[in-house]
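Okay, so here's the structure we're looking at.
Residue numbers count from 1 along this sequence.
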Amino acid sequence: MEETQQRKRLVMIGNGMAGINTIEHILKLAPNSYHITVFGSEPYPNYNRIQLSYVLEKSKSVEEIILNDYTWYEANGINLYTGTQVTTIDIQQKTVEADNGVKVAYDRLIIATGSRPFMLPVPGVEKQGIIGFRDIADCEHMLQTADQYKKAAVIGGGLLGLEAAKGLSKLGMDVTVVHLFKELMERQLDPTAARMLQTELESQGLKFATGKQTAQFLGEERVSGIRFADGTELETEFVVMAAGIKPNVELAQASGIEVNRGILVDDYMRTSAADVYAIGECNEHRGISYGLVAPLFEQGAVLAKQLCEVETEPYEGSTVSTQLKISGVDVFSAGEFMDAEDLSIVRMHDDWRRIYKKVLMRNGRIVGGILIGDGREMSRLQQWIRTGTVMTEAIHTAIVGQGAPDTGNTVADLADEEIVCGCNGVSKKRIVDAISENGLTTVEEIKATTSACRSCGGCRPVIEQILQYVLGDQYDSAAAKKEAICACTTLSRDEVVREIKEKGLITSQEVRYALEWNNKEGCSKCRPALNYYLGMIWPTEHVDERDSRLVNERMHANIQKDGTFGVVPRMYGGVTTPEDLRLIADIAVKYKVKMVKVTGGQRLDLLGIKKEDLPNIWKDLGMPSGYAYAKALRTVKTCVGSQFCRFGTKDSIGLGILIEKKFERLDMPAKFKMAVNGCPRNCAESATKDIGIVGNEGAWEIYVGGNGGIKARLAELLCKVRTDEELLEIIAAFIQHYRETGKYLERTSDWIERVGLQSVIDTIVNDPDNRRALVERIEQALGQVQEPWNGALVERIEQALGQVQEPWNEILDNSNLREKMFDDLSASVVPDRGTV
């Protein structure tokens, strides 16, 4: 108790990467020094903002970019307020007050409020359809817009703008990048490199309007176009602002703290107010506000030592480097990049291979460089620039690539103090020491121990080289690249599944303890994965751990960016009745649903539903859940088939309904979509589904591994069958084989590429005994599924009554009791997370 009373109170306003990285340093340097309170304006724990472009292009989920989940805050005794805005700082009384009424005193205060997108101050900027790109809510807005509109404009041809434009393009939008300057990324690239980049992106479908100054946004309530200063216009339905950022200084300024463009700080991140510090994109150090993560992490390391009273060198600024995160486009720039009279240059330009390398020197020492199309020398170029390395014949040969000898593992030349992971400030020596002292053998172990490779991942190849350098003959290339299921363990998916089977582990807690998780509570990545693997392996023994499921699955609805929910009733095969349509319409009116939308899966989506209304809507609908939120069968899309179509040869509607009823609600590694075509004309788009079925005269063709999303892939022919019975057996075996061997969150398109189509054919089609065994196991699993909406209502009502055995039908028959229970439940479906 005495130790607790001696702790000082540290409050941080902001829950972003720079601020939490500072807290991580403090916890390592002096874990018992502070009581820590963190306020975050977003409804999420700390996440990797660098990877928002991956969320936008759907190659990663929000859960996958979480850096520190809620259990991390709990384990470290941090009070976290999410979705909460601090409104007042009293620098005299040393208190902060938030919009939810919470008032907290501090001994030390860190302002880490970040930045916001710069919105061009031109007429019409307030119109609907014009947003910035800075957080998860912006990503979700862009994803929803891509479903409704086709023409987009991104204003800004820098890093963020190009990543946003490519993401929207992959979502199917016609995207034009509008840029004030003639060259893209003019702050990082010279004209030659910029032209090469633009040519490459044009070949990938992007359009460009460079040298254009936006003068006005056209349209009535919603934007319909852009008028430029030269009088020309661009038609667009959606505008994303990515023309720069503005530090969030308003709170500090209102509190009497000195600001300029950013919050003014000295070399130790101190502001003009006593015991108040500023870190991240909100601050201004020596006239510079950095918008890249590496310098902000360097600032955070200095600030942490300052707060922990550990001797530290002052922060004197950073040499920044940039890397474009667009798949298939290698662009890297660091230091000086434009020609100048006092600079000498080594340049290699290969138009045929689309490679451009440029290294700039002053007095023979390397001060900057650009790499386009070949990023293999990225880490070494960074090192040469940081250390001011003198140009040598060996370096020249490495750059131009003419007869370069094999120099072996290049990390041997790296100095011990050289930073390998710029995002997290991890040096070569720290990685080497971690490998030697802890017996590390994989990149994942190094990531968990040192945080290297934790952010953008660009340093992974160098870390692999360091592993090889340190381990020598003991280096195992396959083991080094092994991917752990999360940072809590070094075990891969296959190793975890094998251990669960061999040791008979039934619960997630048993797994984490028996397999020696370094975080015994697990994290947002491994908890839902373990829950899935356990349910797949032990369908009758394992009890579903609802707290381990992702938020949409816990709520049985899709959470929207404004905190409301979308509810999708099941419509088997896309077929409904006039009575059900009337029921949906009545409910939409009753609960003031903001929007009713026809989904791509032939169903109706009720959008904008309040959390407290979910139980009543489930009750009033009386329809099964469409599972639009689950890692399970979403829908079976059908054409009208032989029932109505003059070209239809097969009953696609009947088969689609049969399949959907057969396999609905069964947990799978990822969302799963199917389609049935009554003829080869593909009206139901079977060629881009996880399983696509095409009817021909006298036969069904089964296609697998398709994906119409961000990583488009045409399905491949698995086999042909004659009867519906054969068809159901093959489908059941395929799904179960995927369930048993797929990684959690791995779509069938990626799974097929990993395991190989022929392997799947040999396992399912060519081995009837194994096929029957797979069918038996899936039938056992199907016997355990239940309708989630009714299940959730029953569970809540039984808990409220304290009568666990009370039958659902008896409760429904008792109208007075029913209404009372639903009234009680409406206020408490799922509690707000609030303070952690």
Side-chain angles (χ1 to χ4, degrees), residues 52-53 55-58 115-135 137-187 189 194-195 197-246 291 324-327 329 331 561 710:
L52 278 176
S53 57
V55 175
L56 177 60
E57 69 176 26
K58 294 186 178 179
S115 64
R116 63 182 182 278
F118 173 69
M119 306 298 284
L120 294 178
V122 299
V125 70
E126 75 286 345
K127 295 184 187 299
Q128 295 177 16
I130 302 176
I131 68 166
F133 180 32
R134 204 70 195 146
D135 55 29
D138 294 331
C139 270
E140 292 174 342
H141 190 160
M142 293 161 78
L143 288 166
Q144 292 173 2
T145 299
D147 287 337
Q148 302 176 55
Y149 301 95
K150 290 305 175 187
K151 286 184 177 292
V154 176
I155 297 180
L159 282 167
L160 192 64
L162 295 178
E163 289 169 5
K166 188 59 181 174
L168 290 172
S169 176
K170 287 186 175 182
L171 295 175
M173 299 194 81
D174 179 2
V175 184
T176 299
V177 177
V178 177
H179 196 46
L180 179 63
F181 300 92
K182 284 291 185 183
E183 284 85 29
L184 303 176
M185 292 181 64
E186 75 285 347
R187 295 183 179 179
L189 303 180
R195 284 193 296 272
L197 173 60
Q198 182 171 333
T199 300
E200 174 62 30
L201 293 175
E202 285 173 339
S203 73
Q204 296 187 15
L206 292 184
K207 299 175 182 177
F208 293 89
T210 58
K212 295 286 188 179
Q213 181 178 356
T214 301
Q216 182 181 357
F217 293 108
L218 307 176
E220 297 298 329
E221 292 186 2
R222 184 178 183 86
V223 66
S224 63
I226 302 173
R227 178 173 294 136
F228 301 116
D230 61 8
T232 59
E233 296 181 358
L234 173 69
E235 181 185 350
T236 186
E237 303 166 296
F238 185 51
V239 175
V240 176
M241 293 277 197
I245 59 175
K246 291 184 65 175
L324 191 61
K325 297 180 293 300
I326 291 179
S327 177
V329 182
V331 176
K561 68 174 186 176
I710 192 64

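- When all heavy atoms of Val154 and Val175 are compared, the pair lying nearest together is CG2-CG1, 4.1 Å.
- Taking every heavy atom of both residues into account, Val125 and Leu120 meet most closely at CG2-O, 3.3 Å.
- Of all heavy-atom pairs spanning Ala194 and Glu183, the tightest one is CB-CB, 3.6 Å.
- The shortest distance between side-chain heavy atoms of Thr236 and Tyr149 does not fall below 4.5 Å.
- Contact of the Leu234 side chain with the Lys212 side chain is not registered, since no non-hydrogen atoms from C-beta on lie closer than 4.5 Å.
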| Trace of the side chain to side chain donor-acceptor pair (under 3.5 Å) decision for Glu140 with Gln144 | CA-CA 6 Å; Glu140 292 174 342; Gln144 292 173 2; 5.9 Å; no
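- Here the OG1-CZ distance, from Thr199 to Phe208, works out to 9.0 Å after rounding to the nearest 0.5 Å.
- Remark: of the listed residues Asp147, Leu56, Thr145, Leu56 is the sole one forming a side-chain contact (heavy atoms from CB on, under 4.5 Å) with Leu171.
- Considering all non-hydrogen atoms of both residues, Ala164 and Val240 come closest at CB-CG1, 4.5 Å.
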Which pairs of donor and acceptor atoms, one on a side chain in residues 215-228, lie under 3.5 Å apart (sequence neighbours left out)?
residue : atom : partner : partner atom : Å
Gln216  : OE1  : Arg227  : NH1          : 2.9
Arg222  : NE   : Glu237  : O            : 3.1
Arg222  : NH2  : Glu237  : O            : 3.0
Ser224  : OG   : Gly219  : N            : 3.3
Arg227  : NE   : Glu233  : OE2          : 2.9
Arg227  : NH2  : Glu233  : OE2          : 2.7

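- For the pair Pro117 and Gly132, the tightest heavy-atom approach, listed with the atom from each and the gap, is CG-CA, 3.7 Å.
- The side-chain contact (heavy atoms from CB on, under 4.5 Å) search around Ser115 returns Arg134, Ile245, Glu281, not counting sequence neighbours.
- Using modelled atom types, one finds a donor on one side chain and an acceptor on the other under 3.5 Å when comparing Gln198 with Glu202.
- Rounding to the nearest 0.5 Å places CG of Leu197 at 12.0 Å from CZ of Arg195.
- Val239 places none of its side-chain heavy atoms less than 4.5 Å from the side chain of Thr214.
- In this structure a side-chain-to-backbone donor-acceptor pair under 3.5 Å is missing from Ser169 to Ala165.
- The local environment of NZ in Lys207 is sparse, with at most 12 non-hydrogen atoms from other residues, nucleotides or ligands closer than 6.0 Å.
- By the 4.5 Å heavy-atom criterion applied to side chains, Phe238 and Met142 are counted as neighbours.
- Using a 4.5 Å cut-off on side-chain heavy atoms (C-beta onward), Met185 and Leu159 make contact.
- Applying the salt bridge (Lys or Arg N to Asp or Glu O under 4.0 Å) rule to pairs touching residues 149-159 yields Lys151-Asp174, sequence neighbours excluded.
- Here the side chains of Val329 and Leu201 are in contact, with some heavy-atom distance below 4.5 Å.
- The line from CE of Met241 to CD1 of Ile155 is 4.5 Å long, rounded to the nearest 0.5 Å.
- Considering every non-hydrogen atom in both Met173 and Ala152, the closest pair reads CE-CB, 3.7 Å.
- Checked by atom type and distance alone, the side chain of Ser53 never pairs as donor or acceptor with a backbone atom of Glu163 at under 3.5 Å.
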